[in-house]
Asker: 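Below is the structure I would like to discuss, written out as structure tokens.
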Number of protein chains: 2
Amino acid sequence: MRPVCPPTAMKSEIACNQCPLRALPAFASVTPEQRDFIQGMKVRERSVPAQAPVLRQGDKRSELYTLLTGWAFRYQTLADGRRQILNFLLPGDFIGLQGNLLDVERTGVEALTDVTLCVFPGDALWPLFRAHPELGFDVTWLCAHEKLLVDDNLVSVGRRSALERVAMLLIHLFKRVRALGLADGDSVPFPLTQHHVADALGLSLVHTNRTLRRLHAMKMLHLERGRLTLGALASLQSLADYEARELEDRPLI
Amino acid sequence: MRPVCPPTAMKSEIACNQCPLRALPAFASVTPEQRDFIQGMKVRERSVPAQAPVLRQGDKRSELYTLLTGWAFRYQTLADGRRQILNFLLPGDFIGLQGNLLDVERTGVEALTDVTLCVFPGDALWPLFRAHPELGFDVTWLCAHEKLLVDDNLVSVGRRSALERVAMLLIHLFKRVRALGLADGDSVPFPLTQHHVADALGLSLVHTNRTLRRLHAMKMLHLERGRLTLGALASLQSLADYEARELEDRPLI
DNA sequence: CGAGCTTTTGACGCAGGTCAAGAGCTGTGG
DNA sequence: CCACAGCTCTTGACCTGCGTCAAAAGCTCG
């Protein structure tokens, strides 16, 4: 297990005017007054090391978080250990809404890399809606946005072939990371193991590996040392959208 | 194609104090003032016959709906016709939030039975948040609640066997319908065709049929004339939660 | 250097897909 | 009132994408 405190333990907390949230469409037009209100609610920051839980299935009325830095994912596990990853969380994403609005947290959240979170008390939600309806509106936007991610993943898992699924996921993450300004040319950080990919796509680990190798052989991607490089994004995209069978006709390399 | 106007065309519109929404947890404590506000926003009612679209993929800034009576479902289709049903909609559910908050409607909504909807203008959402933050809060609750349904379905499609998936779906719908007070003993109306079940669970039509027959042979359910009867809900539930393989050992009849 | 990840690859089996065809039901029109 | 078109449901035969089992190789960290 890694140490709980990241090496840079002395760094000061991020003020809300530095918050990555500001870059998001929903939060683009936050006024200074609103920002002060948010800052007033903010309890503290919390660091969670890679692989450690942020929220556990079954938690009640937990705190609310905003992901400031790092990657995480939402998942659900069955009694016998099978795990389904629902979606990945990147800086700016909101965490803990379900456990707060509904009775219990149905899904767990685990850190994929070391992560820092902005912490709000669990009972902050209603005062926020009351005092700043615009911010409540933004929370609703974030919820709808996350639902869209889950929708898309469900379509993949339910109706796409393994090749299509993997292509979709990589494109999707690539674009999200790039949109956050974290891309370096046509390459982005990629902290997922193949195990995560498998659990997100409803595939076995072995078949995920074979599919990745196949995409690699097709020169559609490079994946090493935690970086993902998508050379021909457009062709990968067309692969994701179309039936895998049509491709079998062509030589794979 | 069925006639657009249902037989009982002359019936008057439902006042908000009659609205099925009132029975939902989120709307349980709506004050008379809030109710009047909602009533003031309500534009009209809309009837949609079974099989007809309520919302199309690609619609922009559509109206907002509340489902008053009947069943519907949210779905997404791929270019080549594969369809994934994301979740089913029952009276009290909110429709059109995504298309309204985000730019475009990514998912279609189709009526499963004849349906009546309560119509609100697309630009009513923000005024509602502003004037009645409690109601905005409720909208957020509904969004989080629907996300939970999609989450659960994704877990099924990604990680459960066909037998488990079908069992989960039937139990889930049974409970929802019963919670709405629409059950008759251990039987509920069930307007889905096997095609809908297949598209919701990411299975083929043929395999869905075989799985249903198998459950029928196990005396876990009766399905005929649009009614679903679950005799032994508890045993079906244990079947849904556990690995299908454990069952193979026992005689199937 | 060994324990425990992660990635790879081969061999093999099966759950579930595909193809085909027929039966039952309902609505429609001649 | 029957014939026919078009659903929905069933069932059989066959096939394959993906899962499972096994084993080994590379990496990382203590």
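A, B, ... follow the sequence lines: proteins, then strands. Residue 1 opens every chain.
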Asker: When rounded to the nearest 0.5 angstrom, what is the spacing between CG in A:D184 and CZ in A:R227?
Answerer: 5.5 Å

Asker: Apply side-chain contact (heavy atoms from CB on, under 4.5 Å) to the pair B:H216 and B:E224, showing each step before the final yes or no.
Answerer: CA-CA 11 Å; B:H216 182 80; B:E224 65 181 350; over 6 Å; no

Asker: When the distance from CD of A:E224 to C1' of D:dG26 is rounded to whole Å, what number comes out?
Answerer: 13 Å

Asker: Taking side chain as C-beta onward, heavy atoms only, is B:N153 less than 4.5 Å from B:L201?
Answerer: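 Yes, close enough: below the 4.5 Å cut-off.
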
Asker: Measure the distance from CD on B:E164 to C1' on C:dG16 and round it to the nearest whole Å.
Answerer: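 Between C1' of C:dG16 and CD of B:E164: 14 Å.
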
Asker: Please report the distance, rounded to the nearest Å, between NE2 in A:H196 and C1' in C:dC5.
Answerer: 12 Å

Asker: Remember a base hit wins even if backbone is also touched, and classify B:G202 as base, sugar-phosphate or nothing at under 4.0 Å, heavy atoms.
Answerer: sugar-phosphate

Asker: Taking atom C1' of C:dT7 as reference, at what distance in whole Å does atom CG of A:L192 sit?
Answerer: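 Spelled out: CG on A:L192 to C1' on C:dT7 is 15 Å.
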
Asker: Nearest whole Å is fine: how far is D:dC9 C1' from B:H216 NE2?
Answerer: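 It is 13 Å, rounded to the nearest whole Å.
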
Asker: Looking at B:G158 and A:V157, what are the two nearest heavy atoms and their distance?
Answerer: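 In terms of heavy atoms, the two residues are closest at CA-CG1, 3.5 Å.
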
Asker: Within this structure, what is the NE2-to-C1' distance between A:H207 and C:dT6, rounded to whole angstrom?
Answerer: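 So the NE2-C1' distance, A:H207 to C:dT6, works out to 19 Å.
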
Asker: Could you give the CD-to-P distance, from B:Q51 to D:dC7, as a whole number of Å?
Answerer: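 To the nearest whole Å, that distance equals 10 Å.
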
Asker: Does the pair A:R74/A:E146 count as a salt bridge with the N-to-O cut at 4.0 Å?
Answerer: yes

Asker: Enumerate the protein-to-nucleotides 8-11 of chain C contacts in which both atoms are nitrogen or oxygen and the separation is below 3.5 Å.
Answerer:
| unit_1 | atom_1 | unit_2 | atom_2 | d |
| --- | --- | --- | --- | --- |
| C:dT8 | OP2 | A:Q194 | NE2 | 2.8 |
| C:dT8 | OP2 | A:N209 | ND2 | 2.9 |
| C:dG10 | N7 | A:R210 | NH1 | 3.3 |
| C:dG10 | N7 | A:R210 | NH2 | 3.3 |
| C:dG10 | O6 | A:R210 | NH2 | 3.2 |
| C:dA11 | N6 | A:R210 | NH2 | 2.9 |

Asker: Using a cut-off of 4.0 Å on non-hydrogen atoms, how would the nucleic acid contact of B:S204 be classed: base, sugar-phosphate, or nothing?
Answerer: base

Asker: Between B:L112 (CG) and D:dT8 (P), how many Å, whole number?
Answerer: 11 Å

Asker: Strictly distance-based, threshold 3.5 Å: is any side-chain N or O of A:R159 a donor or acceptor partner for the main-chain N or O of B:L203?
Answerer: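 Judged by distance alone, yes, a pair lies under 3.5 Å.
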
